[in-house]
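Below is one structure; the comments refer to it alone.
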Amino acid sequence: MNLIEQLGGYERAKHEFEMIKEMKPIYPGEIETNDRLLLEYRRQHNIFESDDLVTSKKWVDGSIHKIELVDSEDRTLKIFSHDMAFSYWVDSRNYRHATDAEIKVGKRLEVNDEY
């Protein structure tokens, strides 16, 4: 059982980690470690939150987009365009979290630049 499950699930762990942020961290890097744990859990369980970076599962361009808003009832995400000039609503089922490697290069990795 991982730490998030030990704390009672994602929402409970997120609450606990937010409380830690308000207090002084016990050791250097604690906030970053907790944020990383939450992100990995979201990636594994297809949970989206504002500011997460995502990429389309289907579209050719494979750009990385930042989430502005999440509507879990409609299963939609309001994402920024790749250049952050505007935002628009998309179906969350057509998107997934971008990996660290994809974030580093700025696009979905399996996209061919010659398209």
Side-chain angles (χ1 to χ4, degrees):
M1 180 181 296
N2 69 31
L3 177 61
I4 290 174
E5 291 165 351
Q6 289 175 10
L7 290 171
Y10 179 79
E11 290 300 323
R12 179 71 182 164
K14 182 179 171 185
H15 174 74
E16 293 292 328
F17 294 161
E18 289 298 321
M19 291 184 65
I20 289 171
K21 284 182 184 179
E22 291 177 14
M23 302 181 302
K24 296 206 186 275
I26 296 169
Y27 63 90
E30 182 176 14
I31 291 173
E32 293 82 8
T33 300
N34 292 343
D35 287 345
R36 185 74 189 168
L37 284 171
L38 291 173
L39 174 60
E40 288 306 319
Y41 190 88
R42 288 195 307 274
R43 283 177 173 169
Q44 291 172 8
H45 296 91
N46 295 320
I47 299 170
F48 298 104
E49 290 192 354
S50 297
D51 297 331
D52 282 352
L53 298 175
V54 297
T55 188
S56 171
K57 294 178 184 177
K58 300 177 181 183
W59 303 110
V60 176
D61 77 341
S63 297
I64 302 296
H65 303 275
K66 186 175 187 177
I67 296 176
E68 181 180 7
L69 297 169
V70 177
D71 185 338
S72 53
E73 280 187 32
D74 290 341
R75 298 178 71 167
T76 56
L77 308 171
K78 189 172 188 186
I79 60 173
F80 287 104
S81 60
H82 69 282
D83 61 0
M84 303 289 284
F86 59 92
S87 59
Y88 51 95
W89 289 97
V90 296
D91 187 328
S92 66
R93 293 170 290 195
N94 294 328
Y95 283 77
R96 65 168 175 78
H97 284 274
T99 65
D100 292 339
E102 290 170 331
I103 293 167
K104 186 175 182 178
V105 298
K107 67 176 185 132
R108 197 174 70 227
L109 289 179
E110 64 270 16
V111 173
N112 185 348
D113 285 332
E114 295 175 13
Y115 178 74

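All figures in this text were calculated on a predicted structure; none of them were measured in a lab.
Taken together through direct or relayed side-chain contacts under 4.5 Å among Ile, Leu, Val, Met, Phe, Trp and Tyr, Leu37 and Ile47 form part of one hydrophobic cluster. Under a hydrophobic clustering in which Ile, Leu, Val, Met, Phe, Trp and Tyr are joined whenever their side-chain heavy atoms come within less than 4.5 Å, directly or via other members, Phe48 and Trp59 fall into the same cluster. By the criterion of side-chain heavy atoms lying less than 4.5 angstrom apart, applied directly or through intervening Ile, Leu, Val, Met, Phe, Trp or Tyr residues, Val70 is grouped together with Ile79 in one hydrophobic cluster.
Here the closest non-hydrogen pair linking Ala13 and Leu7 is CB-CD1, 4.0 Å. Nearest heavy-atom pair, His65 versus Phe80, reported as atom, atom and distance to 0.1 Å: ND1-O, 2.9 Å. Scanning all heavy atoms of the two residues, the minimum distance from Arg108 to Ile64 falls at N-CD1, 4.2 Å. Taking each heavy atom of Ala101 and Leu109 in turn, the nearest pair found is CB-CD1, 3.8 Å. Nearest heavy-atom pair across Lys58 and Asn94 is NZ-OD1, 3.4 Å. Annotation for Ile4 and Tyr41: closest pair CD1-CB, 3.4 Å, computed over non-hydrogen atoms.
Salt bridge Glu18/Lys14: absent, no basic N to carboxylate O contact under 4.0 Å. Ionic pairing of Glu32 and Arg36 is not present here: no N-O contact between side-chain nitrogen and carboxylate oxygen is shorter than 4.0 angstrom. Salt bridge Arg75/Asp91: absent, no basic N to carboxylate O contact under 4.0 Å.
The shortest distance between side-chain heavy atoms of Asp100 and Arg43 falls below 4.5 Å. For the pair Ile31/Asp35, a side-chain contact is recorded, criterion being any heavy-atom separation below 4.5 Å from C-beta on.
With hydrogens and angles ignored, the 3.5 Å screen pairs no side-chain donor or acceptor of Ser56 with any backbone N or O of Tyr95.
The side-chain hydrogen bond (donor to acceptor under 3.5 Å, both in side chains) check on Asn46 picks up nothing, with sequence neighbours excluded. Shown here are the side-chain hydrogen bond (donor to acceptor under 3.5 Å, both in side chains) partners of Asp52, two or more places apart in sequence or in another chain: Arg42.
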Could you go step by step and tell me if His97 and Leu39 meet the side chain to side chain contact (heavy atoms under 4.5 Å, CB included) rule? CA-CA 9 Å; His97 284 274; Leu39 174 60; 4.2 Å; yes
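Lys66 NZ: 12 or fewer foreign heavy atoms inside a 6.0 Å radius. Few gaps surround NZ on Lys57; more than 12 heavy atoms of other groups in view lie less than 6.0 Å from it.
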Listing, residues 83-90 side-chain donor-acceptor contacts under 3.5 Å, not counting sequence neighbours, or none:
unit_1: Asp83; atom_1: OD1; unit_2: Ser81; atom_2: OG; d: 2.6
unit_1: Asp83; atom_1: OD1; unit_2: Ala85; atom_2: N; d: 3.1
unit_1: Ser87; atom_1: OG; unit_2: Glu68; atom_2: OE1; d: 2.7

